[in-house]
Trainee: 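Have a look at this one before I ask anything.
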Number of protein chains: 2
Amino acid sequence: MFKNTSTQFQFYYIYKVRKTIFIFTALVIALLALFQLSKYSIITGNSSVETIIAIIAIIFFVIGILINRRVLHKEKIKPQEIDHKKIETLGLSKREYEVLCEIASGLSNKEIAEKLFVSESTIKTHVSNVLVKLDAKRRTQAIQKAKELKIIPY
Amino acid sequence: MFKNTSTQFQFYYIYKVRKTIFIFTALVIALLALFQLSKYSIITGNSSVETIIAIIAIIFFVIGILINRRVLHKEKIKPQEIDHKKIETLGLSKREYEVLCEIASGLSNKEIAEKLFVSESTIKTHVSNVLVKLDAKRRTQAIQKAKELKIIPY
DNA sequence: ATGAATTTCATACTTTAGTATGAGTGTTTT
DNA sequence: AAAACACTCATACTAAAGTATGAAATTCAT
């Protein structure tokens, strides 16, 4: 299970790196442009050095804010993603993970059994295994731990 | 219940405004200091104008990033804030809400009773009331509903 | 100060949750 | 083919969870 996650991560990484390269290139170009502007201004003597420095400072201040807003926006969405690797390291099987998700949505064993078309005793077995693997005493504690481990969505 | 929330918000607001004022004051001072440095450098002629501009650009770029990180960090926490108004409209009492929070953290009735220094039967009464008020059949469903209603933190 | 709401507790009961054990059926790996 | 694993199911049991009812003490606002 969860075999196609690695390729997904690769594509995401390439996309992220490309954008970073683009932003830094734009930054360097802007810096060079400002150098030229400042040299011209000093030669002509029309504007004071203070004004130029102030403009540069403001521009880079704004650039810093804008870049950070984009980066942190991605980080904001990220923590809601589930950690497939942790599910595997915990030894949770596909069916056990399914049951865990249904527990978190507030269903009883009987309701889970009906939803997955199996007997209630089967669900009880799965629940017991989930509790052992998550080191939890109750299903409510399992929900809490699963959320801490980021293996179920909020 | 929850009568001192408005005063708490006031203090939080004052704290926030103070910090913003402090940051902007620091920014202005830094700007003025850089002006003086640049003037001195130009007079002595030791460093080139490009270097000074580059330093200023980098400094303000970093300042922009740092400020934004703090602002967005607060926004990040905000959506996790609990809706006190909804708690009141649901008719949840102070104690019932306390019990609800302990349920969400994965504790059993017995453990909650020990933590709040009351008997287990008292907790059972509270839990029953919480289930009715949240229209839930089980405590796991109560957790799920409470999170949807944003009356408990994630 | 009186009525309303909250908090507390108990007892008796039903239902659900969880454990332990064993076992049958597939699937995959060695 | 045999071992290992995942999924299924059952039975019997213990432990929690949840309901219903009643009641006493406390808090709080009008």
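Everything quoted here is computed from the prediction, not taken from an experiment. Below, chains carry the letters A, B, ... as their sequence lines are ordered, and counting in each starts from 1.
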Trainee: If you check the B/K94 side chain, which of C/dT7, D/dT8, D/dC7 turns out closest?
Mentor: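 Nearest to the side-chain atoms of B/K94, counting from C-beta on, is C/dT7.
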
Trainee: Over how many whole Å does the gap from B/L92 atom CG to C/dT6 atom P extend?
Mentor: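 Rounded to the whole Å, the gap is 10 Å.
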
Trainee: Classify the side-chain pair B/R95/B/N129 by whether it contains a donor and acceptor separated by less than 3.5 Å.
Mentor: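 No, because no side-chain N or O of B/R95 sits under 3.5 Å from a partner of the opposite role on B/N129.
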
Trainee: Roughly, in whole Å, what's the span from CG in B/L107 to C1' in C/dA17?
Mentor: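 The answer, rounded to whole Å, is 17 Å.
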
Trainee: Strictly below 4.0 Å, heavy-atom distances to any atom of DNA chain C: list the hits from residues 122-131 of chain A, or just say none.
Mentor: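 Residues of residues 122-131 of chain A that come under 4.0 Å of DNA chain C are, in numerical order, A/K124, A/V127, A/S128, A/L131.
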
Trainee: Would you indicate what A/S121 reaches in the nucleic acid, counting non-hydrogen atoms under 4.0 angstrom: base, sugar-phosphate, or nothing?
Mentor: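 It contacts base atoms.
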
Trainee: Please check the phosphate of C/dG18 (OP1 and OP2 only) for any side-chain N or O of A/R139 closer than 4.0 Å.
Mentor: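 A/R139 to C/dG18 OP1/OP2: side-chain N or O found under 4.0 Å.
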
Trainee: Quick check: does any side chain N or O of A/R139 sit under 3.5 Å from a backbone N or O of A/V127, one acting as donor and the other as acceptor?
Mentor: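 Here the side-chain-to-backbone pair does not exist.
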
Trainee: Whole-Å distance between D/dA6 C1' and A/I87 CD1?
Mentor: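 The distance from CD1 of A/I87 to C1' of D/dA6 comes to 17 Å, rounded to the nearest Å.
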
Trainee: Minimum heavy-atom separation for A/I103 and B/T140, please, with both atom names.
Mentor: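 Scanning both residues, the minimum pair turns out to be O-CB, 4.0 Å.
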
Trainee: Taking atom P of D/dA12 as reference, at what distance in whole Å does atom CD of A/E120 sit?
Mentor: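 For the pair A/E120 CD and D/dA12 P, the rounded distance is 16 Å.
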
Trainee: Where the side chain of A/K145 meets the backbone of A/D135, is there a donor-acceptor pair that is under 3.5 Å apart?
Mentor: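 Yes; judged by distance alone, with no hydrogens or angles, the pair exists.
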
Trainee: At under 4.0 Å, does any side-chain N or O of A/R95 touch on OP1 or OP2 of D/dT8?
Mentor: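 Checking A/R95 against D/dT8: at least one side-chain N or O falls below 4.0 Å of OP1 or OP2.
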
Trainee: Tell me the interatomic distance from B/E102, atom CD, to D/dA17, atom C1', rounded to whole angstroms.
Mentor: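 Rounded to whole Å, this separation is 17 Å.
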
Trainee: For A/S119, report the nucleic acid contact type (base, sugar-phosphate, nothing); a contact means any heavy atom under 4.0 Å.
Mentor: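 Since only primed, P, OP1 and OP2 atoms lie under 4.0 Å of A/S119, the category is sugar-phosphate.
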
Trainee: Between P on D/dA17 and CD1 on B/I103, what's the gap in Å once rounded to a whole number?
Mentor: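 Spelled out: CD1 on B/I103 to P on D/dA17 is 9 Å.
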
Trainee: OP1 or OP2 of D/dA16 less than 4.0 angstrom from a side-chain nitrogen or oxygen of B/N109, does that happen here?
Mentor: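 Indeed not, no polar side-chain atom of B/N109 lies that close.
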
Trainee: For A/I112 and D/dC9, what is the distance between atoms CD1 and P respectively, to the nearest whole Å?
Mentor: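 So the CD1-P distance, A/I112 to D/dC9, works out to 14 Å.
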
Trainee: Is any side-chain N of the basic residue among A/R138 and B/E111 closer than 4.0 Å to the acidic one's carboxylate O?
Mentor: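 A salt bridge is present here (some side-chain N lies under 4.0 Å from a carboxylate O).
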
Trainee: Taking the side chain as every heavy atom from C-beta outward, state whether A/Y97 and A/V130 have any pair of such atoms under 4.5 Å apart.
Mentor: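 Not in contact.
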
Trainee: Ignoring hydrogens and angles, state whether a donor on the side chain of A/S128 or A/T125 is under 3.5 Å from an acceptor on the partner side chain.
Mentor: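 A/T125 and A/S128 do not have a side-chain donor-acceptor pair below 3.5 Å.
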
Trainee: Separation of B/K137 atom NZ from D/dT19 atom P, in whole Å?
Mentor: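 It works out to 11 Å between those atoms.
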
